[in-house]
Amino acid sequence: MLGITDPLTYLIGTIFIILLPGPNSLYVLSVGAQRGVRPGFKAAGGVLVGDTLLMVATAAGAASLLKNYPALFWVVKYIGAAYLAWMGINMLRAALRRWSAPAPAALSAPITLGHRDPFRRALTLSLMNPKAILFFLSFFVQFVDPAYPYPALTFVALGGMLQVCSISYLTALILAGSRLAEAFRARRRLASAATGGTGALFLGFGAKLAAASLN
């Protein structure tokens, strides 16, 4: 089918990969929980556009560029790691401020994620990970039939299947997050703890990206 050697195995593998926790999905969940459904879908849109751009870059040969010029990989990697750490620190600071604030002030000033446009932040978050390009290449190539005359069409089909799974998962996260919003508004310390935990995870994601290698 469109040069995909084993569509079912690819679909199952894609689902498992998408379900793995990462900064993109965690950010979408946080936006849905703190701001509601509409901003959550804006964040999801940023993730989807970012992933699409990375897949296009993969098909255009960006993976080979990163492998041939390791310095470029390191630069993008450390910028991405610093961005994740910056987001994590901001979340921890916001959580600490709300935790220590008097109850009326805390309830009237909900924690924010430090950006008015969740689409742009999610897009930046998605693009600042050079390992994603290498992942798309290594994962996609396993399911491309070398005898198929239109490999670009195969990449489009693989990317489309991945994005459909991603949209479904992010939608579930947004709807789940919106249900948490009311509980967070009524329980400031619960909201503070959740935001602080998210910030700590982002610091961990940043450290993991900083330690990543081309291998």
Side-chain angles (χ1 to χ4, degrees), residues 14-15 17-55 79-101 105-129 131-132 135 162-209:
T14 297
I15 291 172
I17 289 167
I18 288 174
L19 290 176
L20 292 173
N24 291 348
S25 57
L26 188 59
Y27 178 70
V28 171
L29 176 61
S30 298
V31 172
Q34 296 181 23
R35 301 187 187 179
V37 172
R38 187 172 179 179
F41 277 111
K42 286 184 178 181
V47 171
L48 295 174
V49 171
D51 284 350
T52 299
L53 292 175
L54 289 178
M55 284 185 274
I79 291 175
Y83 186 70
L84 287 169
W86 176 74
M87 287 183 65
I89 290 170
N90 281 343
M91 289 181 190
L92 288 172
R93 290 175 61 191
L96 184 60
R97 283 196 301 268
R98 184 164 182 176
W99 183 277
S100 58
L107 291 175
S108 63
I111 293 173
T112 65
L113 294 174
H115 205 288
R116 293 185 181 274
D117 187 355
F119 176 87
R120 282 193 297 167
R121 170 155 283 189
L123 176 61
T124 304
L125 193 62
S126 179
L127 293 176
M128 287 290 99
N129 184 7
K131 289 289 286 186
F135 163 75
L162 185 146
Q163 292 293 56
V164 168
C165 293
S166 183
I167 290 170
S168 302
Y169 178 54
L170 293 178
T171 298
L173 289 180
I174 292 165
L175 296 178
S178 66
R179 289 179 175 271
L180 295 173
E182 288 300 322
F184 284 166
R185 292 190 187 100
R187 299 172 178 84
R188 67 184 181 92
R189 296 216 161 184
L190 175 63
S192 300
T195 303
T198 302
L201 285 174
F202 268 79
L203 287 174
F205 290 137
K208 182 178 179 181
L209 180 57

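Numbers here are sequence positions counted from 1.
Atom CG in Leu173 sits 11.0 Å away from atom CG in Asn24 (nearest 0.5 Å). Annotation: the span from Gln163 atom CD to Met55 atom CE amounts to 3.5 Å, rounded to 0.5 Å. Considering OG of Ser166 and CG of Asp51, their distance stands at 6.0 Å, rounded to 0.5 Å. The distance from the NZ atom of Lys42 to the CZ atom of Arg121 is 15.0 Å, given to the nearest 0.5 Å. Residue Leu48 holds its CG atom at 5.0 Å from CD1 of Ile167, rounded to the nearest 0.5 Å.
Across every non-hydrogen atom of Leu53 and Leu123, the tightest pair is CD1-CD1, 4.3 Å. When all heavy atoms of Pro118 and Tyr27 are compared, the closest pair comes out as CA-OH, 3.5 Å. Taking every heavy atom of both residues into account, Gly46 and Ser126 meet most closely at O-CB, 4.5 Å. The two atoms that bring Leu170 and Ser25 nearest to each other are CD2-CA, 4.2 Å, heavy atoms only. Heavy-atom minimum distance, Cys165 versus Ile18: CB-CD1, 3.3 Å.
Residues forming a side chain to side chain donor-acceptor pair (under 3.5 Å) with Ser168 (at least two apart in sequence, or on another chain): none.
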Evaluate Val47 against Leu125 for side chain to side chain contact (heavy atoms under 4.5 Å, CB included), listing each step before the verdict.
CA-CA 8 Å; Val47 171; Leu125 193 62; over 6 Å; no

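Between Thr171 and Phe41, the closest side-chain pair of non-hydrogen atoms falls below 4.5 Å.
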